[in-house]
*Asks:* 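After the structure tokens below, expect a handful of questions from me.
Order of the sequence lines fixes the chain letters, A, B, ..., with proteins taken first and strands second; residue numbering starts at 1 for each chain.
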Protein chains: 2
Amino acid sequence: MYIQIEPESDIPIYSQVSTQVMEGIIRGELAAGEVLPSVRGLASDLGVNMHTINKSYHDLEAKGVITIVPKSGAVISVAPLKGASKEQTDLLSEKLRPTVVEAMVSGMNDDEIHALVDSIMRNVREMK
Amino acid sequence: MYIQIEPESDIPIYSQVSTQVMEGIIRGELAAGEVLPSVRGLASDLGVNMHTINKSYHDLEAKGVITIVPKSGAVISVAPLKGASKEQTDLLSEKLRPTVVEAMVSGMNDDEIHALVDSIMRNVREMK
DNA sequence: CATTCTGTTCTACTACTATTATAACAAAAC
DNA sequence: GTTTTGTTATAATAGTAGTAGAACAGAATG
């Protein structure tokens with residue numbers, strides 16, 4: 001499991017970390033019950049502050065992806081997630097909308113937008 | 001053309017305004033050459049500060065969606081946008097990735113994610 | 001021509017977010 | 001017993017979002 005960040009990106013560091021942990025799970029590199037590095041350890045590896053990683057782990061816990069065990073560490077949640085609830089879907093839709101709209105107004109047609117989404121999903125699954 | 005905002009949303013107000021202008025264009029409610037309300041007028045209508053609308057208009061201009069004519073107003077760009085450049089596509093992909101990843105790890109399969117994107121596109125086109 | 005309206009610039013402020021640093025606690029783990 | 005863990009606390013900086021008010025130059029309108 002190899003996490004790296006792009007400090008210059010507009011996307012906050014903690015969010016990048018969260019996304020990469022989730023990608024590791026999607027690719028099967030991280031399985032239920034597996035332990036994530038400590039907040040101190042990962043922070044040191046990435047050259048960022050412990051609180052930044054802590055924020056990412058709490059973000060992931062809020063999403064149900066991991067479980068934080070105080071004084072012990074963070075583990076991948078036991079149950080594979082089984083699909084998004086209505087609330088989650090609505091939130092995801094709200095997050096996606098501005099970017100989808102931007103793609104549409106830029107002149108991309110439906111197939112092109114779907115292809116873009118497909119390429120993201122493929123890249124996530126295949127990335128080493 | 002009817003713009004409204006949700007002040008409580010996590011999405012910044014200026015971004016909401018930008019998105020809605022783009023949606024109006026997608027739906028054909030706004031056409032090339034048409035004039036947008038003045039920053040003062042729209043700010044007053046929405047109950048927000050003029051600078052907030054100014055930021056949105058500049059955001060839209062940076063995207064090539066509108067042209068701001070100093071001392072005159074903002075107009076929808078003349079040329080319909082003809083598809084996204086490689087740079088734009090990469091930026092859009094970067095923006096979409098975290099949310100697509102979140103959808104994937106939540107257990108949504110490819111078809112469900114495509115359906116979500118479809119529903120957004122449909123909703124944008126049909127909304128009054 | 002006078003007035004109004006326009007985007008713009010300027011100054012100032014508040015609140016929040018992201019990130020950083022350091023110290024320390026309690027308790028699990030080794 | 002020592003180390004490691006997440007956590008809490010305090011403090012700070014920088015940037016973002018949004019606000020307010022004033023004022024400028026020039027276009028647009030009546």
*Asks:* Output every pair passing ring pair (Phe, Tyr, Trp, His ring centres under 6.0 Å) with a member in residues 83-116 of chain A, not counting sequence neighbours, ordered by first then second residue.
*Replies:* A:H114-B:H114
*Asks:* Where does the chain A footprint on DNA chain C start and end, counting 5' to 3' with a 4.0 Å heavy-atom cut-off?
*Replies:*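 Both ends considered, the range comes out as C:dA18 to C:dA29.
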*Asks:* Would you please confirm or rule out a distance under 4.0 Å between OP1 or OP2 of D:dA28 and any side-chain N or O of B:S72?
*Replies:*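 The answer is yes; a side-chain N or O of B:S72 sits under 4.0 Å from OP1 or OP2.
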*Asks:* One thing to verify: whether B:R27 and B:E126 come together as a salt bridge, which I'm taking to mean a side-chain N less than 4.0 angstrom from a carboxylate O.
*Replies:* no
*Asks:* Can any side-chain N or O of B:S106 pair as donor or acceptor with the backbone N or O of B:A103 at less than 3.5 Å?
*Replies:*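 Between the backbone of B:A103 and the side chain of B:S106 there is a qualifying donor-acceptor contact (under 3.5 Å).
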*Asks:* Heavy-atom contacts under 4.0 Å between residues 3-25 of chain B and DNA chain C, which residues?
*Replies:*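 None, since no heavy atom is under 4.0 Å.
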*Asks:* Please figure out whether B:Y57 or A:N49 has its closest DNA chain C nucleotide nearer the 5' end.
*Replies:* B:Y57
*Asks:* Check the pair A:V65 / A:I25 against side chain to side chain contact (heavy atoms under 4.5 Å, CB included), numbers first and verdict last.
*Replies:* CA-CA 9 Å; A:V65 176; A:I25 293 168; 3.2 Å; yes
*Asks:* Kindly state each residue pair satisfying ring pair (Phe, Tyr, Trp, His ring centres under 6.0 Å) with at least one member in residues 92-112 of chain B, sequence neighbours excluded.
*Replies:* none
*Asks:* Would the distance check show the side chain of A:E61 and the main-chain N or O of A:I68 forming a donor-acceptor pair, the cut-off being under 3.5 Å?
*Replies:* yes
*Asks:* Does B:T89 use its side chain to pair, donor to acceptor, with the backbone of B:S85 at less than 3.5 Å?
*Replies:* yes
*Asks:* Does the side chain of B:T52 get closer than 4.0 angstrom to OP1 or OP2 of D:dT19 through an N or O atom?
*Replies:* yes
*Asks:* Sequence neighbours excluded, which residues qualify as side chain to side chain donor-acceptor pair (under 3.5 Å) partners of B:T19?
*Replies:*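 For B:T19 there are no side chain to side chain donor-acceptor pair (under 3.5 Å) partners, ignoring immediate neighbours.
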*Asks:* Okay, side chain of A:T99, backbone of B:L92: is any donor-acceptor separation there less than 3.5 Å?
*Replies:* no
*Asks:* Please collect all salt bridge (Lys or Arg N to Asp or Glu O under 4.0 Å) contacts where either partner lies in residues 104-121 of chain B, sequence neighbours excluded, each pair once.
*Replies:* A:R125-B:D110
*Asks:* Based on the rotation axes of five pairs at each end, what angle does the helix from C:dC1-D:dG30 to C:dC30-D:dG1 bend through, to 10°?
*Replies:* 30°
*Asks:* Taking DNA chain C as the partner, which of residues 35-44 of chain B come within under 4.0 angstrom of it by heavy atom?
*Replies:*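 Residues of residues 35-44 of chain B under 4.0 Å from DNA chain C: B:S38, B:V39, B:R40.
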*Asks:* Going through the distances and angles, do B:L36 and B:L42 end up as a side chain to side chain contact (heavy atoms under 4.5 Å, CB included)?
*Replies:* CA-CA 9 Å; B:L36 289 178; B:L42 187 53; over 6 Å; no
*Asks:* Can you pull out every ring pair (Phe, Tyr, Trp, His ring centres under 6.0 Å) where at least one residue sits in residues 6-32 of chain B? Sequence neighbours excluded, please.
*Replies:* none
*Asks:* Take atom NZ of A:K71 and atom C1' of D:dT3, then tell me their distance rounded to the nearest Å.
*Replies:* 15 Å
*Asks:* Tabulate protein N/O versus nucleotide N/O from nucleotides 8-12 of chain D, keeping only pairs under 3.5 Å, one per line.
*Replies:*
| from | atom 1 | to | atom 2 | distance (Å) |
| --- | --- | --- | --- | --- |
| D:dA9 | N6 | A:H51 | NE2 | 2.7 |

*Asks:* Sort and list the pairs that fulfil side-chain hydrogen bond (donor to acceptor under 3.5 Å, both in side chains) and have at least one residue in residues 4-13 of chain B, not counting sequence neighbours.
*Replies:* A:E94-B:S9
*Asks:* Evaluate the criterion side chain to side chain contact (heavy atoms under 4.5 Å, CB included) for residue pair A:I53 and A:L46; output intermediate values, then yes/no.
*Replies:* CA-CA 9 Å; A:I53 305 301; A:L46 299 180; 4.0 Å; yes
*Asks:* Could you name each residue pair satisfying salt bridge (Lys or Arg N to Asp or Glu O under 4.0 Å) that touches residues 31-57 of chain B, not counting sequence neighbours?
*Replies:*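 Those involving residues 31-57 of chain B do not exist here.
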